[in-house]
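Numbers restart at 1 for each chain; the letters A, B, ... are given by sequence-line order, proteins then strands.
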Amino acid sequence: MKLVIRFVYFALFFNSYLMTENLVIVESPAKAKTIEKFLGKDFKVVSSFGHIRDLTKNKLGIEVEKGFKPVYEVPSDKQKVVSELRKLAADSKTVWIASDEDREGEAIAWHLVTVLGLDPSTTLRIVFHEITKDAITNAINHPRAINMDLVNAQQARRVLDRLVGFEISPVLWKKVQPSLSAGRVQSVAVRLLVDREREIIGFTPESSFRVNGLFKGINNKSEEVILKAECARKFIKEADATKFLTTCSESEFSIGNISVKPGTRSPAPPFTTSTLQQEAYRKLGFSVAQTMSVAQKLYEAGRITYMRTDSTNLSSLALNTAKEVIMADYGTEYSRTRQFKTHSKGAQEAHEAIRPTFFDKKTITGNNNEKKLYELIWKRAIASQMAEAITEKTTITIEMNPSCENFTASGEVIRFDGFLRVYSESTDAEGGEDEKPILPSVAKGMPLSAETITALQRFTTPPPRYTEASLVKKLEELGIGRPSTYAPIISTIQARGYVAREERPGEKRSLIILTLAKGKITRSEKSEITGKEKSKLFPKDIGMIVNDFLIKNFPDILDYNFTAGVEKQFDEIAGGELEWSKMISVFYSPFHKSIDEALSKKERMTGSRELGTDPATGLPVFVKMSKYGPVVQLGEASPGNKPRFANLRRDQLLETITLSEALVLFSLPRSLGMLEGSELVVGTGKFGPYVRYDGKFYSLKRGVDDPYTITAERAAGLIAEKQESEKKKVIADFGEIQVLNGRYGPYITMDKNNFRIPKEIEPNKLTKEECLAIIEKGGTKKKSTKTVKKK
DNA sequence: CAGTGAGCGAGCTTCCGCTTGACTT
């Protein structure tokens with residue numbers, strides 16, 4: 001008896017010792033760390049690292065016949081987290097699930113309850129939108145149950161995406177090429193790029209003449225004033241522009257109307273994921289992926305709030321601290337507290353806007369990119385809480401007599417800088433916006449003389465190609481994709497080869513300038529570069545072929561409004577007005593029929609096109625998509641006759657290449673003549689264009705050399721350069737050990753293993769013994785992990 | 001390191017959204 005009591009005692013003691021009072025599960029480990037501080041010692045806060053369960057990895061994972069029943073599994077990389085969570089949950093009195101308050105968060109909560117075997121009646125679901133003590137204690141005081149309608153909306157989303165992706169992709173493997181993919185989001189992203197490219201292809205520039213004048217006069221303070229002004233009228237024909245300049249030469253000018261209009265400019269809202277990606281691209285030149293990885297670092301270091309958000313909302317704590325910082329640093333008149341409405345399509349607003357955790361930290365420690373991005377976030381968030389700028393726009397009309405045309409000069413003065421003192425948003429417009437000048441003081445009727453008047457030819461430009469960032473912006477406008485997926489979408493469509501980030505050097509174009517000075521009109525020309533592109537997304541042939549195939553066979557899914565339409569239905573499911581499997585079933589029957597129809601069609605999509613006949617051989621010339629990419633083909637394939645093939649260049653498209661451009665492609669490999677007894681041959685191989693000389697290959701410089709036009713002289717130069725750097729490559733040679741110059745600086749190599757040389761050591765003074773010492777030190781770490789190339 | 005391009009067939013590929021590490025040259 002005594003023993004039993006003792007045992008119970010012990011068990012109770014032991015139990016209470018091990019048992020955690022409260023276990024809170026959130027999605028992100030950084031968030032868990034922060035929250036634990038707010039909640040105190042009775043709460044243990046852990047993270048699920050996002051979703052813990054998904055549809056089966058390699059199979060459809062949907063039992064279509066059984067009402068689209070999802071087949072879930074815990075992915076291999078999540079099994080460890082799940083087993084740990086299971087243990088912790090079993091040892092806790094109360095489990096609180098604090099995943100985000102949106103569709104995905106609710107589903108995560110439900111999967112946790114199911115997978116961890118929690119009791120739904122005692123498990124508490126809580127949510128908060130901002131990580132502040134108030135928000136969290138408030139959440140703890142208002143727990144609720146899991147909202148199954150919201151979960152079902154997520155299941156519908158998940159199942160729809162899986163059906164679309166896993167039923168269409170295999171059709172592409174059969175009808176276009178293996179390993180391709182299609183999806184609700186990626187296929188529309190590619191479509192945006194292809195549609196834009198076709199607009200550009202079909203664009204014909206039109207030119208017109210814009211007339212600008214430089215006028216001088218004396219104002220009533222006896223000061224000489226200079227005004228730059230533009231004529232409102234544009235002239236299509238050169239003759240008309242000349243005629244107008246003649247009129248100008250015979251006219252008198254004077255100041256007409258002067259209008260002064262006050263205006264204001266307001267700051268942009270604080271960053272969301274999408275706007276952060278856009279501004280980091282425009283102001284810092286970061287790629288979308290780079291922005292996210294730097295932001296992740298800042299988040300983990302506790303510098304900024306969560307970086308995957310679609311909300312422009314700031315917590316009241318943030319509003320207050322921003323206000324304090326602004327008042328202290330800039331003065332009361334610079335402060336204006338605002339809350340911005342989020343109006344992006346499909347926003348779920350589970351988090352705050354992206355902002356500094358502590359507004360009083362203007363700069364931080366960290367690497368350069370972290371500092372730059374942090375400062376950008378700080379400025380944007382602070383500016384959003386600052387006063388509007390007050391401006392004054394002045395427009396001065398210059399009248400012409402006897403002609404009834406006139407010129408206008410416009411200028412802007414900032415009367416109060418407000419938020420502009422800290423930050424102003426950039427635009428996607430190219431060439432930059434011209435600063436509006438401050439206009440001199442003049443009075444109506446004041447006579448002016450025209451110093452020079454020029455008519456400059458200008459061409460209209462096609463719509464711009466997308467950058468990574470402007471594509472994200474467009475996707476967000478269409479409500480396609482989520483903050484967590486913008487960066488992955490961009491990399492997927494590139495990984496599939498549908499699009500590529502490329503440059504174009506542009507072409508010269510000449511412009512006519514007509515100048516009127518001292519009563520004489522002169523005509524001259526200047527050249528401008530047109531079509532120059534830097535780091536733009538270009539659709540590639542395979543992207544265009546897949547796009548056309550998808551539009552033909554699945555027009556509904558490729559519609560820009562498809563996502564918006566299904567989102568509306570997901571909302572109805574979330575509101576309990578629509579049963580999720582019913583929605584999927586209505587979608588699926590016509591969809592699956594179109595899959596079968598697409599499969600039953602015989603033809604394959606190759607993008608083939610006949611360009612004409614080669615005048616030299618009389619053979620037909622085709623272009624098409626081959627197994628290894630776009631090619632031009634000379635002659636038909638027939639038994640015993642293998643046609644000639646040549647790859648298209650990176651900047652050519654199956655759709656637009658001409659016969660003469662195609663014929664040039666057959667000119668490789670070509671001989672550049674002899675150099676010291678050996679032949680110089682230019683060709684393109686596996687690794688791009690090269691010169692072959694004396695049995696060795698020398699790569700041409702990308703973006704500098706062109707294999708079709710390179711001269712023997714330049715080729716010889718390349719060879720000499722390479723031989724020179726080969727010589728420099730070896731700093732010291734001790735037989736089995738060598739000190740070499742590599743891409744990342746000098747290093748030591750032995751047995752195909754490379755070793756870093758410590759900074760304080762001068763590589764050219766190393767002895768064999770010192771090298772061995774360095775190898776000894778670093779050698780135990782790892783063997784070379786050079787992977788064997790798969791053939 | 002320095003082209004392939006046909007056709008057959010086995011076995012593989014593929015979606016979108018939540019999350020962070022491993023990997024390093």
Side-chain angles (χ1 to χ4, degrees), chain A residues 26-32 47-55 57-62 75 77-78 81 99-100 102-109 111 154 157-174 177-187 293 296 299-300 306 308 348 350 480-486 488-489 492 496 557 563 606 622 624-633 637-639 642-647 668-669 681 683-692 695-700 742-744 747 754 756 782 784-787 789:
Chain A
V26 297
E27 289 180 40
S28 142
K31 200 167 164 181
S47 150
S48 76
F49 296 83
H51 273 293
I52 53 147
R53 202 164 69 148
D54 193 14
L55 297 176
K57 194 160 169 268
N58 294 319
K59 278 184 255 166
L60 184 64
I62 297 162
D77 58 331
K78 284 293 160 68
V81 186
S99 47
D100 298 343
D102 57 15
R103 212 158 60 199
E104 298 298 327
E106 205 66 17
I108 288 174
H111 283 303
Q154 192 275 347
R157 200 280 303 154
R158 183 69 192 90
V159 165
L160 178 98
D161 283 338
R162 176 53 75 87
L163 288 170
V164 169
F166 273 40
E167 292 210 358
I168 299 184
S169 299
V171 180
L172 293 177
W173 305 342
K174 280 214 173 76
Q177 255 180 27
S179 302
L180 296 174
S181 66
R184 172 177 59 82
V185 173
Q186 60 168 280
S187 298
S293 103
Q296 176 84 30
Y299 169 66
E300 283 168 10
Y306 197 55
R308 290 185 275 265
Q348 312 215 358
I480 298 170
R482 303 277 313 129
S484 67
T485 60
Y486 295 136
I489 292 162
T492 300
R496 298 278 170 273
I557 288 164
T563 291
T606 60
F622 307 93
K624 67 173 189 185
M625 180 56 72
S626 80
K627 205 166 150 188
Y628 306 107
V631 291
V632 48
Q633 176 183 341
S638 62
K642 197 178 161 238
R644 269 196 81 188
F645 291 95
N647 294 327
L668 293 183
V681 178
T684 70
K686 201 171 170 183
F687 309 106
Y690 63 83
V691 185
R692 196 176 69 225
K696 277 188 187 148
F697 290 86
Y698 302 86
S699 291
L700 301 198
R743 247 194 328 155
Y744 307 107
Y747 65 98
N754 299 339
R756 191 178 292 168
K782 314 185 172 95
S784 164
T785 50
K786 236 181 196 170
T787 43
K789 259 191 209 156

Whole angstrom value for the distance that separates P of B:dC16 from CZ of A:R103 | 14 Å
Please name all residues satisfying side-chain contact (heavy atoms from CB on, under 4.5 Å) with A:D54, sequence neighbours left out, ordered by chain then number.
-> A:R158
Does the side chain of A:S48 get closer than 4.0 angstrom to OP1 or OP2 of B:dC18 through an N or O atom?
-> no
How would DNA chain B look in dot-bracket form, 5' to 3', counting Watson-Crick and G-U wobble pairs with both distances under 3.5 Å and writing | for bases paired to another strand?
-> .........................
Which residues satisfy the salt bridge (Lys or Arg N to Asp or Glu O under 4.0 Å) test with A:E104, sequence neighbours excluded?
-> A:R157
Indicate whether OP1 or OP2 belonging to B:dT20 is found under 4.0 Å from a side-chain N or O atom of A:R308.
-> yes
Hits for side chain to side chain donor-acceptor pair (under 3.5 Å) against A:Y306, two or more places apart or cross-chain, chain-then-number order -> A:R308
Classify the nucleic acid contact of A:R162 as base, sugar-phosphate or nothing, counting any heavy atom under 4.0 Å across all strands shown.
-> base
Side chain of A:R157 (C-beta onward), nearest among B:dG17, B:dC18, B:dG3 = B:dG17
With sequence neighbours left out, the residues meeting side chain to side chain donor-acceptor pair (under 3.5 Å) with A:Y299 are A:S28
Which part of the nucleic acid does A:G685 contact within heavy-atom distance under 4.0 Å: base, sugar-phosphate only, or nothing?
-> base
Under 4.0 Å between any heavy atoms, over every strand shown, what does A:G683 touch: base, sugar-phosphate, or nothing? Just pick one.
-> nothing
Can you tell if the side chain of A:K624 reaches within under 4.5 Å of the side chain of A:Q633, non-hydrogen atoms only?
-> yes
Contact class for A:F622 vs. all strands (heavy atom < 4.0 Å): base, sugar-phosphate, or nothing?
-> nothing
Who are the side chain to side chain donor-acceptor pair (under 3.5 Å) partners of A:S47, not counting sequence neighbours?
-> none
Is there a donor-acceptor pair closer than 3.5 Å between any side-chain N or O of A:S169 and the backbone N or O of A:G165?
-> yes
With sequence neighbours excluded, tell me which residues meet side-chain contact (heavy atoms from CB on, under 4.5 Å) with A:V681.
-> A:P669, A:E679, A:R692
Does a side-chain N or O from A:Y306 land closer than 4.0 Å to OP1 or OP2 of B:dT19, or not?
-> yes
Given B:dG21, B:dT4, B:dC18, the nucleotide with the shortest approach to the side chain of A:F49 | B:dG21
Any donor-acceptor N/O pair, A:K78 side chain to A:F49 backbone, under 3.5 Å = yes
Roughly how far apart, to the nearest Å, are B:dT13 and B:dG9 at atom C1'?
-> 16 Å
So does A:D77 reach the base of B:dG21 with its side chain, donor to acceptor, closer than 3.5 Å?
-> no
What's the NZ-C1' distance between A:K174 and B:dA10, to the nearest Å?
-> 13 Å
Against the side chain of A:K686, the closest entry in B:dG5, B:dG3, B:dG17 is B:dG3
For DNA chain B, whose closest nucleotide is more 5', that of A:P689 or that of A:S484?
-> A:P689
Expressed in angstrom and rounded to an integer, what is the separation of A:Q296 atom CD from B:dG21 atom C1'?
-> 10 Å
Polar pairs (N or O, both sides) under 3.5 Å between protein and nucleotides 11-14 of chain B?
| unit_1 | atom_1 | unit_2 | atom_2 | d |
| --- | --- | --- | --- | --- |
| B:dT13 | O2 | A:S179 | N | 2.4 |
| B:dT13 | O2 | A:S179 | OG | 3.1 |
| B:dT14 | O2 | A:G165 | O | 3.4 |
| B:dT14 | O4 | A:N58 | O | 3.2 |

Just checking A:V185: base, sugar-phosphate only, or nothing, at a heavy-atom cut-off of under 4.0 Å?
-> sugar-phosphate
How many Å lie between CD on A:Q633 and P on B:dT4, as a whole number?
-> 14 Å
In whole angstroms, how far is the C1' atom of B:dG3 from the CZ atom of A:F687?
-> 10 Å
Side-chain atoms of A:K624 come closest, of B:dA6, B:dC16, B:dT20, to B:dA6
By side chain to side chain donor-acceptor pair (under 3.5 Å), A:S187 pairs with (sequence neighbours left out) none
How would you label the contact of A:T485 with the nucleic acid (heavy atoms, under 4.0 Å): base, sugar-phosphate, or nothing?
-> base
Take atom CZ of A:R692 and atom C1' of B:dG3, then tell me their distance rounded to the nearest Å.
-> 13 Å
Taking A:K57 for the side chain and A:P75 for the main chain, is one N or O donor matched with an acceptor at less than 3.5 Å?
-> no
Closest to the side chain of A:D100, out of B:dG5, B:dC18, B:dC16, is B:dC18
Figure out the NZ/P separation between A:K78 and B:dG21, and round it to whole Å.
-> 11 Å
Do A:S699 and B:dA2 have a side chain to base donor-acceptor pair shorter than 3.5 Å?
-> yes
What's the CG-P distance between A:D161 and B:dC15, to the nearest Å?
-> 11 Å
